[in-house]
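Structure record follows, encoded as structure tokens.
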Number of protein chains: 2
Amino acid sequence: MSIDRPELGFLLNRLLREVIEREQPILDQHDLQMWDYVIIAALGSGPSPTQNELAGMTGRDKTRLIRNLDRLEERGLLSRTPDPGDRRNRIVTLTADGRQVLDSCRAGIRAMEEDLLAGADARDRAGFESALVALTRPPSR
Amino acid sequence: MSIDRPELGFLLNRLLREVIEREQPILDQHDLQMWDYVIIAALGSGPSPTQNELAGMTGRDKTRLIRNLDRLEERGLLSRTPDPGDRRNRIVTLTADGRQVLDSCRAGIRAMEEDLLAGADARDRAGFESALVALTRPPSR
DNA sequence: TATTGTTATACTCTATAACTATA
DNA sequence: TATAGTTATAGAGTATAACAATA
């Protein structure tokens with residue numbers, strides 16, 4: 001049985017907007033749009049992907065990804081190099097500068113999350129994070 | 001201290017999209033868009049508001065609200081009547097048909113949520129719902 | 001012929017500003 | 001003059017299709 005509460009969609013929407021609003025000033029410090037951050041965060045969590053793979057990882061359409069990559073490359077935060085194995089592909093890699101910006105954002109965001117989650121009961125919070133991870137993992141679909 | 005997990009924004013975004021995806025077939029059954037449902041849900045949870053108040057309640061811009069109200073009124077799910085006290089205002093009220101559609105959607109959504117939340121450990125789930133409500137309530141701002 | 005990256009086009013959604021009627 | 005509701009216009013964001021290079 002469940003507690004009586006507003007619908008999940010309402011609650012999740014409200015909370016996500018709160019998170020986005022709190023992340024904005026952090027990203028602004030590095031002159032990053034939300035999609036820029038999603039992209040460099042994806043690049044910082046594994047081996048360098050092709051643009052196509054990066055599009056799949058981030059959920060951004062491959063045609064819309066390009067503008068972001070252009071800007072980030074011009075700022076020296078990432079580089080695009082042809083794949084020697086298949087020269088149709090371009091491999092996207094985070095530069096040292098890009099890594100530094102990513103780490104700085106991550107630290108700021110982690111601190112923001114700590115502050116936000118402090119608003120919940122400590123025991124509830126543990127269940128919240130655990131369930132959130134479990135529910136987000138796709139059930140073998 | 002927190003468990004090691006992806007960022008809140010990532011998790012909340014993924015879960016919200018899952019919820020929206022699962023709600024879509026329910027709303028489709030009643031030929032409702034997401035905003036239509038948000039609107040009739042707001043109308044079903046208190047005294048009949050003016051269009052301006054309804055815009056504030058739902059977060060929808062008052063100019064964009066109008067198209068939704070036009071469609072819903074034409075379908076007989078709500079009515080707009082001039083406020084006798086201030087004839088600039090139009091008071092929006094759910095009709096009996098609108099109430100019936102709302103109740104049907106709510107039942108379907110509640111069942112969907114039960115199914116979705118079954119994917120989490122029962123104890124975690126209690127903390128999840130409790131923390132979600134607590135974190136969504138604006139801290140006196 | 002199929003695929004990657006790219007560009008161009010059309011379409012949708014959103015934001016802003018005007019208009020009317022009431023106050 | 002100011003406000004609620006409405007409409008119209010311009011801008012941003014998005015989807016789709018075409019193109020060049022490579023396989």
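To find a chain, count down the sequence lines: A is the first, B the second, and so on, and within it residues start at 1. Scope of the values below: all heavy atoms of this structure, side chains included, with no hydrogens, waters or symmetry mates.
What separates CG of A/Leu65 from P of D/dT14 is a distance of 13 Å, to the nearest Å. Note: CZ (A/Arg87) to P (D/dT22) measures 5 Å, nearest angstrom.
In this view, A/Ser45 and A/Arg106 satisfy the side-chain hydrogen bond (donor to acceptor under 3.5 Å, both in side chains) rule, not counting sequence neighbours.
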Kindly give the atom pairs (protein nitrogen or oxygen, nucleotide nitrogen or oxygen) under 3.5 Å for nucleotides 4-7 of chain D.
from, atom 1, to, atom 2, distance (Å)
D/dA4, OP1, B/Asn52, ND2, 3.0
D/dA4, OP2, B/Asn52, ND2, 3.3
D/dA4, O3', B/Asn89, OD1, 3.2
D/dG5, OP1, B/Gln51, N, 2.9
D/dG5, OP1, B/Arg90, N, 3.2
D/dG5, OP1, B/Arg90, O, 3.4
D/dG5, OP2, B/Asn52, N, 2.6
D/dG5, N7, B/Lys62, NZ, 3.1
D/dT6, OP1, B/Arg80, NH1, 3.3
D/dT6, OP1, B/Arg90, NH1, 2.2
D/dT6, OP2, B/Gln51, OE1, 3.1
D/dT6, OP2, B/Gln51, NE2, 2.5
D/dT6, OP2, B/Arg80, NH1, 3.2

So which protein N/O to nucleotides 9-11 of chain D N/O distances come out below 3.5 Å?
none

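At most 12 heavy atoms of other shown residues, nucleotides or ligands fall within 6.0 angstrom of atom CD in A/Gln100.
Contact footprint of chain B on DNA chain C: nucleotides with an atom under 4.0 Å from a non-hydrogen protein atom, first to last in 5' to 3' order, C/dT14 to C/dA23.
Linking Ile, Leu, Val, Met, Phe, Trp and Tyr residues whenever their side-chain heavy atoms come within less than 4.5 Å places A/Ile26 and A/Val19 in a single cluster. In terms of hydrophobic clustering, with Ile, Leu, Val, Met, Phe, Trp and Tyr side chains grouped at heavy-atom distances under 4.5 Å, B/Ile91 and B/Leu43 are assigned to different clusters. Linking Ile, Leu, Val, Met, Phe, Trp and Tyr whenever their side-chain heavy atoms come within less than 4.5 Å leaves B/Ile66 and B/Leu69 in two separate clusters. Cluster annotation: B/Leu16 is connected to A/Val133 through the hydrophobic network of ILVMFWY side chains, with a link wherever side-chain heavy atoms come within less than 4.5 Å.
Of the residues in residues 30-46 of chain B, none lies under 4.0 Å from DNA chain C by heavy-atom distance.
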Identify all side-chain donor-acceptor contacts of residues 33-42 of chain B below 3.5 Å with residues at least two apart in sequence or on another chain.
from, atom 1, to, atom 2, distance (Å)
B/Asp36, OD1, B/Asn68, ND2, 3.0
B/Asp36, OD1, B/Arg71, NH1, 3.4
B/Asp36, OD2, B/Gln33, N, 2.9
B/Asp36, OD2, B/Arg71, NH1, 3.2
B/Tyr37, OH, A/Glu7, OE1, 3.1
B/Tyr37, OH, A/Glu7, OE2, 2.4

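Rounded to the nearest 0.5 angstrom, A/Asn89 CG and A/Arg80 CZ are separated by 13.0 Å.
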For this session: Let me see the working for B/Asp61 and B/Thr63 under side chain to side chain donor-acceptor pair (under 3.5 Å), right down to the final yes or no.
Result: CA-CA 5 Å; B/Asp61 192 280; B/Thr63 65; 2.8 Å; yes
Problem set entry | Worked verdict on B/Leu78 versus B/Asp97 for side-chain contact (heavy atoms from CB on, under 4.5 Å) | CA-CA 8 Å; B/Leu78 57 81; B/Asp97 279 0; over 6 Å; no
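Nearest-nucleotide mapping onto DNA chain D: of A/Pro84 and A/Asp61, the residue sitting toward the 5' end is A/Asp61.
Of all the heavy atoms in A/Cys105 and A/His30, the pair that sits closest is SG-CD2, 3.5 Å.
A side-chain N or O of B/Asp124 and one of A/Ser130 form a donor-acceptor pair less than 3.5 Å apart.
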